[in-house]
J.: 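Attaching a single structure in structure tokens format; questions to follow.
In what follows, chains are A, B, ... by sequence order, proteins preceding strands, each numbered from 1.
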2 protein chains.
Amino acid sequence: MHENRLELMDADVQQSLKLFVVLSRASKTLMDYAQHDMKHYQLNPSEFAVMEMLYHKGSTPIQQIGGKVLLASGTMTYVVDKLVNKGYIKRRPCEQDRRVIYAELTEEGERVMTAIFPKHAAAIHESMRGLTADEKQQLIELLKTLGQSATSPE
Amino acid sequence: MHENRLELMDADVQQSLKLFVVLSRASKTLMDYAQHDMKHYQLNPSEFAVMEMLYHKGSTPIQQIGGKVLLASGTMTYVVDKLVNKGYIKRRPCEQDRRVIYAELTEEGERVMTAIFPKHAAAIHESMRGLTADEKQQLIELLKTLGQSATSPE
DNA sequence: TAATAATATCTTGAATACGAGATTAATTTA
DNA sequence: TAAATTAATCTCGTATTCAAGATATTATTA
């Protein structure tokens, strides 16, 4: 009696729900995989994302970092504090605009990311070994389209 | 100097990282969309997932629910408590095995899910309007493969 | 110039999640 | 049957996140 509630739905809607579930699972699996790798470096996903952005972009205003890695401002303070305590980044007030504070890697932070990042990238790459380059490219295109359609005005 | 750190990497690895980012974003966008819809019914994603499972499977041991919707046992207690307080589900001890406790929808819970679920399904479906049925099918297959490769033995 | 609006960061409180350990019950072993 | 093991749930402490509000600074406007 319960089982066929799903079967009574429109087939297209069923397919969308199926995709939703598969997307959730695949995403969670990959995130767990990445998180597990980060644990080797004593970093959680938010911390790693901030470190990675600073590693690739250099000194950046805290707010810009939050916008890029999709973290709320309160979260940014928390994450930056933790990374400062670890000695990986430092705050540097902007001289032109004293509302702004830059975050940037310390020498220690640079050193750590230089050691860590290639390993982490390799781990991510390894987690996707089930797909060919062509399949990955297809996935990238399809996911981009999906992401856009879910964002744009209802 | 910072920008081309990425460019120095192997192209295949770069592609995998790109896919990782696109997957994260698409997933987050869809989850945010779904969460926004659930808010109309005063339910968060974990609560909705539990309700949905009970709606489709009927009375189920709490641990099994946790396994299916990927929540830790401590979290299950918390979520079940909240749904019980809302009057949507109830606990029922198993008579054969007194370690086991079933959760099941109350009449109110049944009523609410019958009203809510089709609307939620329609919202999910709508969020994916940017893809054709064929594209969705491709995505489903590719994501399944990806999810498996990230799970299987390192 | 004074008042207002906008911007960036930080503070605080609530919600959510996990993990370790406690509790209770069932099952297996000696 | 007693002890040990396994299993299911719950309790408690901690971590992470967001949202709303507070504070400080800059930009705009009257």
J.: Quickly work out the B/Q63 CD to D/dT6 P distance and round it to whole Å.
T.: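 These atoms are roughly 15 Å apart.
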J.: Within the sub-3.5 Å range, which N or O atoms of nucleotides 16-19 of chain C have a protein N or O partner, and how far apart are they?
T.:
unit_1: C/dT16; atom_1: OP1; unit_2: B/N44; atom_2: ND2; d: 2.6
unit_1: C/dT16; atom_1: OP2; unit_2: B/Y78; atom_2: OH; d: 3.3
unit_1: C/dT16; atom_1: OP2; unit_2: B/K82; atom_2: NZ; d: 2.3
unit_1: C/dT16; atom_1: O5'; unit_2: B/N44; atom_2: ND2; d: 3.4
unit_1: C/dA17; atom_1: OP1; unit_2: B/S46; atom_2: OG; d: 2.7
unit_1: C/dA17; atom_1: OP2; unit_2: B/S46; atom_2: OG; d: 2.9
unit_1: C/dC18; atom_1: OP2; unit_2: B/A72; atom_2: N; d: 3.1
unit_1: C/dC18; atom_1: OP2; unit_2: B/T75; atom_2: OG1; d: 2.7

J.: Answer whether the closest heavy-atom distance between the side chains of B/E52 and B/V69 falls below 4.5 Å.
T.: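 No, their side chains stay 4.5 Å or more apart.
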J.: Would you mind reporting whether B/L23 and A/L23 have side-chain heavy atoms less than 4.5 Å apart?
T.: yes
J.: Any link between B/V22 and B/I140 through a network of hydrophobic side chains (Ile, Leu, Val, Met, Phe, Trp, Tyr) touching at under 4.5 Å?
T.: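 Same cluster.
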J.: Looking at every non-hydrogen atom in both residues, tell me the closest pair between B/L6 and B/Q14 and how far apart they are.
T.: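 Smallest interatomic distance, heavy atoms only, reads O-NE2, 3.3 Å.
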J.: Name all pairs fulfilling the side-chain hydrogen bond (donor to acceptor under 3.5 Å, both in side chains) condition that reach into residues 58-69 of chain B, sequence neighbours left out, sorted by first residue then second.
T.: B/S59-B/R92, B/S59-B/E104
J.: Taking CE from A/M76 and P from C/dT7, how many angstroms apart are they, rounded to a whole number?
T.: 19 Å
J.: Determine all donor-acceptor pairs shorter than 3.5 Å in which one atom belongs to a side chain in residues 70-82 of chain B; sequence neighbours excluded.
T.:
unit_1: B/T77; atom_1: OG1; unit_2: B/S73; atom_2: O; d: 3.4
unit_1: B/D81; atom_1: OD1; unit_2: B/R91; atom_2: NH1; d: 3.0
unit_1: B/D81; atom_1: OD1; unit_2: B/R91; atom_2: NH2; d: 3.0
unit_1: B/K82; atom_1: NZ; unit_2: B/E47; atom_2: OE2; d: 2.7

J.: I'd like a list of close polar pairs between nucleotides 2-5 of chain D and the protein, N/O only, cut-off under 3.5 Å.
T.:
none

J.: With a 4.5 Å limit on heavy-atom distance, are the side chains of B/Q15 and B/L19 in contact?
T.: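 The answer is no; the side chains never approach within 4.5 Å.
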J.: Side-chain contact test, heavy atoms from C-beta onward, threshold under 4.5 Å: evaluate it for B/N44 versus B/M38 and give yes or no.
T.: no
J.: Does atom NZ of B/K57 have more than 12 heavy-atom neighbours from other groups under 6.0 Å away?
T.: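 12 or below, so no.
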J.: Return the residues of residues 88-102 of chain A meeting this criterion: a heavy atom under 4.0 Å from some atom of DNA chain C. Order them by number, or give none.
T.: A/R91, A/R99, A/V100, A/I101
J.: Which atom pairs, donor and acceptor, lie under 3.5 Å between side-chain atoms of residues 112-121 of chain A and protein residues at least two apart or in another chain?
T.:
unit_1: A/T114; atom_1: OG1; unit_2: A/E110; atom_2: O; d: 2.8
unit_1: A/H120; atom_1: ND1; unit_2: A/D37; atom_2: OD2; d: 2.6

